[in-house]
Number of protein chains: 2
Amino acid sequence: MSQESNATPKKRGRPPSAAAQKRALEAAHEILMTEGFGRMTIEAVAARSGVGKPTIYRSWANAQELAMAALLVNRLPEAEVGGGTAQAALVAQMRGLVTAFASTRGRQITMALAAADPESEFTKAFRNRVILSSRNAGRVILEEALARGEIVPPVDMDALLDMIYGPVFFRLLVGHRPVSPEFGDAIVRTALRAVAPSGA
Amino acid sequence: MSQESNATPKKRGRPPSAAAQKRALEAAHEILMTEGFGRMTIEAVAARSGVGKPTIYRSWANAQELAMAALLVNRLPEAEVGGGTAQAALVAQMRGLVTAFASTRGRQITMALAAADPESEFTKAFRNRVILSSRNAGRVILEEALARGEIVPPVDMDALLDMIYGPVFFRLLVGHRPVSPEFGDAIVRTALRAVAPSGA
DNA sequence: TTATATTAACGTTACGTATCGTAAAGATAT
DNA sequence: ATATCTTTACGATACGTAACGTTAATATAA
């Protein structure tokens, strides 16, 4: 623990400005929430934030990636995995999810996701962190419930998870019915009835 | 019914060309399927079809509407509502749905829907005809099953329907798992187990 | 004759890139 | 120690391209 020979070769030159990135992300988020995805152009973000276009392009390849990064900053609250029944845990989580997505934010996220290159690494990271994090937490909850007999086989776990989390995005995308807390509750209740031990 | 006095006032001048519309729709559809929604620009459609831009704009307000119209031309096959158990009917319908959407077409539809103005009349028509037609047919199937006791209360019909059709679009949008026929089967099976009479 | 079709061009917006001079930080020499 | 390289990022500006949606001019078909 002494020589700096191979440890961190000390970068030269002006360091990238974290403040500039932060300002760009904030401006992007503001535009997304007030004017929508279609108006969140790189030029608009540059004008609003005072950050130069080339600086923005140095951090993000295009407007879609910047939008996803901006939507990623304020994460959704993580689900409380431990304690209680699976139903209680899922209902609590679903309440948070519905609150977070039944808003401008939810629509913007859906649009960003649909518009983005599905193969891009950025898109995959976004999906995993924003969309699938709830689903992954749900998997933990359901596997624990399965282990202690609260739910019973046959359980097609992936199908069951998509039946719980898919409807929220379906309503968000199609807009035929509102995304309400009661809706979230009904989804969880119905899904769990399909894998309940008795016919209760 | 004879005189043309107030019925059909005999249009004067050159009539709109149905052929031009058709050519534009075909070109739009081809571009959607081969190059994707992002590259289906009005100019590209005009160039490919030989129809002038102003003519295209006379029929559709923007590229989104043209895209939806093009996707609307070849409708999805309607579900066979009558006969058999609810499970058989839903599985058959879901097979068709999965086949139709587990393709370029499905992704294009999802993108068009996410990108479109949710309040536009065109968008609403598109949702009703392309997205919700399956769901509506499913409602008929399930209500008949409910009437003859094949499924039993409590049934939150809207939640149940979204649990059946939502997951398909969820997978299409997020792309975390493939949309396969087996997946469709599992969804129908699991959903019906939630409303089955006994604990079977 | 009159409404539509086609073509061409228009102004606008945003794209993504290149270049300019400046700012900030480590390296180097006095 | 302090001044001067060197390197890298910065903000500003301008560029050529692409597509937008509109308009004017001409051709064409009832």
Side-chain angles (χ1 to χ4, degrees), chain A residues 3-28 30-32 34-70 111-112 115-117 120 122, chain B residues 4 8-28 31-32 35-70 111-112 115-117 120 122:
Chain A
Q3 82 305 342
E4 291 82 48
S5 51
N6 64 354
T8 322
K10 276 286 185 183
K11 288 266 186 80
R12 297 175 55 122
R14 178 174 179 172
S17 163
Q21 285 199 18
K22 191 179 173 189
R23 272 186 294 151
L25 285 172
E26 284 172 355
E30 286 168 15
I31 297 173
L32 276 175
T34 55
E35 308 190 48
F37 184 74
R39 299 223 170 143
M40 197 224 77
T41 67
I42 297 289
E43 305 216 333
V45 171
R48 187 182 190 109
S49 65
V51 175
K53 276 173 60 180
T55 302
I56 296 176
Y57 277 105
R58 216 168 281 126
S59 297
W60 300 280
N62 49 51
Q64 286 80 40
E65 292 200 357
L66 173 55
M68 290 194 289
M111 292 184 64
D117 172 12
S120 126
F122 216 98
Chain B
E4 291 82 50
T8 321
K10 274 286 183 181
K11 288 266 188 78
R12 298 171 59 111
R14 179 173 179 172
S17 160
Q21 286 198 18
K22 191 179 174 190
R23 273 187 292 152
L25 284 172
E26 284 171 356
I31 297 174
L32 276 174
E35 308 190 49
F37 184 75
R39 298 221 171 143
M40 197 225 76
T41 67
I42 297 289
E43 307 221 332
V45 172
R48 187 182 191 111
S49 64
V51 176
K53 279 172 59 181
T55 303
I56 296 176
Y57 277 106
R58 205 168 288 123
S59 297
W60 301 280
N62 49 51
Q64 285 79 40
E65 292 201 355
L66 172 55
M68 290 194 289
M111 291 182 64
D117 173 11
S120 125
F122 217 98

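These figures come from a predicted structure and were not determined experimentally. Chain letters run A, B, ... following the sequence lines, proteins first and then strands; every chain starts at 1.
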Contact state string [nucleotides 9-15 of chain C, B base, S sugar-phosphate only, - no protein heavy atom under 4.0 Å]: -----SB

What salt bridge (charged side-chain N to carboxylate O under 4.0 Å, His left out) pairs are there with at least one residue in [range], not counting sequence neighbours?
range	answer
residues 16-27 of chain A	none
residues 60-69 of chain A	none
residues 43-54 of chain B	B:E30-B:R48, B:E43-B:K53

For A:Q21, side chain to side chain donor-acceptor pair (under 3.5 Å) partners two or more places apart: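 Applying side chain to side chain donor-acceptor pair (under 3.5 Å) to A:Q21 gives A:S59.
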
Side chain to side chain donor-acceptor pair (under 3.5 Å) partners of B:S17, counting only residues at least two apart: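 If we apply the side chain to side chain donor-acceptor pair (under 3.5 Å) test to B:S17, skipping adjacent residues, there are no hits.
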
A:Q64 and A:F122, any side-chain heavy atoms less than 4.5 Å apart: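 No, side chains not in contact.
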
Distance below 4.0 Å between B:R23 side-chain N/O and C:dA5 OP1 or OP2: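 So the side chain of B:R23 is outside the cut-off, no N or O lying under 4.0 Å from OP1 or OP2 of C:dA5.
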
Side chain to side chain contact (heavy atoms under 4.5 Å, CB included) against A:A44, all qualifying residues, sequence neighbours excluded: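 Result, side chain to side chain contact (heavy atoms under 4.5 Å, CB included) vs A:A44: A:I31, A:T41.
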
Any residue meeting side chain to side chain contact (heavy atoms under 4.5 Å, CB included) with B:A28, in chain and number order, not counting sequence neighbours: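 In terms of side chain to side chain contact (heavy atoms under 4.5 Å, CB included), with neighbours along the sequence ignored, B:A28 is linked to B:M40, B:V45, B:L66, B:A70.
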
Using atom names, set out every protein N or O paired with an N or O of nucleotides 2-9 of chain D below 3.5 Å, distance rounded to 0.1 Å.
from	atom 1	to	atom 2	distance (Å)
D:dT8	O2	A:R14	N	3.1
D:dA9	O4'	A:R14	O	3.2

Distance, rounded to the nearest Å, where A:I56 contributes CD1 and D:dG11 contributes P: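 My rounded result for the distance is 9 Å.
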
